[in-house]
Amino acid sequence: MKILVINCGSSSLKYQVIDMVTKNAIGKGLVERIGLSGSVLTHRTGSGEKEVIQAEIPNHTIAIKLVLEALVSPEYGAIKDLKEIYGIGHRVVHGGEKFSKSVLIDDEVMVALKECVELAPLHNPPNIAGIIACQKMMPGVPQVAVFDTAFHQTMQPNSYIYGLPYEFYKKYGIRKYGFHGTSHKYVSQRAAVLLQKPLGDLKLISCHLGNGASICAIRGGKSIETSMGFTPLDGLMMGTRSGQLDPAIVTYIMCRENFTVDQMNDFLNTKCGALGVSGVSSDFRDIEVAAGQGNVRARLALDIFEHDVRQFIGSYAAVLGGVDGIIFTAGVGENSASMREAICKNLEYIGVDLDREKNKVRSEEVDVSKPDARCRVLVIPTNEELMIALETQDLI
Ligand code: AMP
């Protein structure tokens with residue numbers, strides 16, 4: 001059985017075909033610059049060979065058409081016939097309060113998805129465009145929506161309601177939703193396998209540390225607290241996003257810099273975070289290199305990030321009432337041994353005892369703790385596409 005996983009952005013589309021027997025991607029790729037000049041599809045075979053297809057790609061329907069053609073190409077395709085695709089799983093960023101789990105898409109779901117656009121005006125419209133394009137190009141093939149927010153719908157009101165007049169929650173849906181749910185769910189399930197314990201018995205803190213970064217407290221497989229909020233801007237300082245701030249800073253900067261609402265929004269999302277502090281880059285690899293060469297602001301950006309993550313771990317340990325495991329995932333979490341080591345400093349009081357030799361891993365599923373550590377530290381590469389495919393398989 002093969003499942004096609006689609007992740008549509010406004011001008012990009014990522015895809016993978018996953019063989020559900022081996023759980024491996026047998027073909028994957030990326031369409032870039034949809035609706036712009038210089039559109040391109042970069043396809044990779046299961047063994048990693050690359051094929052670059054340049055074409056005019058004015059919309060998501062044409063993008064999907066080209067992806068499907070690439071998938072059945074006799075030279076570099078992943079499958080012989082599109083009939084081999086049993087179902088399609090779509091990443092959808094925001095499911096609001098309507099969706100607490102993945103759903104099989106029908107007309108009613110499409111209406112509800114459109115109602116969620118207000119909450120994620122930049123992300124949900126391209127997700128919906130991808131679904132409509134697949135419905136056109138692959139009629140009759142079951143499609144599933146998998147939401148970034150769904151995993152966090154188990155949070156209780158005392159963690160998701162903000163200190164605002166309650167009517168704003170009712171009127172505008174302003175509350176904490178949380179994101180990266182597919183990743184937090186996947187790595188927590190893998191952690192239970194790695195620790196050889198039932199997920200239902202575990203208290204875990206999952207640290208998804210990539211360009212976007214969030215932390216999640218997971219009790220018995222359920223999200224009970226997370227660092228991203230109403231939008232993905234909240235929580236940790238990230239590559240280009242500020243993370244949590246004193247809310248008064250927003251209006252203060254708007255006044256001082258004469259920013260419009262749109263300019264302020266763009267500023268907080270694209271000019272702040274590690275990029276803004278370091279002045280070097282939003283990419284943690286570049287920042288680590290610059291810090292190594294003595295760049296003081298690059299060092300400061302790394303120190304802030306490490307301190308932020310440790311603060312959240314400490315507060316989530318309190319919320320959980322103890323921790324069995326801390327999971328590191330995504331670009332920085334999976335690859336940066338030095339960042340993991342820095343974060344784990346001073347966490348001995350919750351039972352962390354990192355094995356520095358074992359911690360030298362990259363992108364491998366490994367318990368990097370010393371044998372007697374009470375709280376295990378786990379490196380678990382995330383695989384959101386596989387999680388989407390598994391949820392799709394379950395539903396169809
Ligand atoms: P993601 O959003 O999960 O793709 O993660 C991207 C981030 O991970 C970027 O900031 C990269 O610089 C960072 N990253 C990837 N590999 C490494 C590494 N070996 N050391 C430090 N950061 C890394």
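Start at 1 and go down the list; that is how both ligands and their atoms are numbered.
- Checked against the 6.0 Å centroid threshold, His94 and Phe99 do not count as a close aromatic pair.
- For Ala78, the side chain to side chain contact (heavy atoms under 4.5 Å, CB included) partners two or more places apart in sequence, or in a different chain, are Ile26, Leu71.
- Ring pair Tyr177/Phe230 is tilted by interplanar angle, where 30° to 60° counts as tilted.
- Between Lys185 and the options Glu391, Glu384, His152, a side-chain hydrogen bond (donor to acceptor under 3.5 Å, both in side chains) holds for only Glu391.
- A donor-acceptor pair is defined here as one N or O able to donate and one able to accept, closer than 3.5 Å; such a pair exists between the side chain of Thr226 and the backbone of Ile215.
- Ligand 1 lies under 4.0 Å from heavy atoms of Gly210, Asn211, Ser282, Asp283, Phe284, Arg285, Glu288, Ala330, Gly331, Val332, Asn335, Ser336, Arg362.
- Relative ring orientation between His184 and His208 is described as perpendicular, the plane-to-plane angle rising above 60° on a 0-90° scale split at 30° and 60°.
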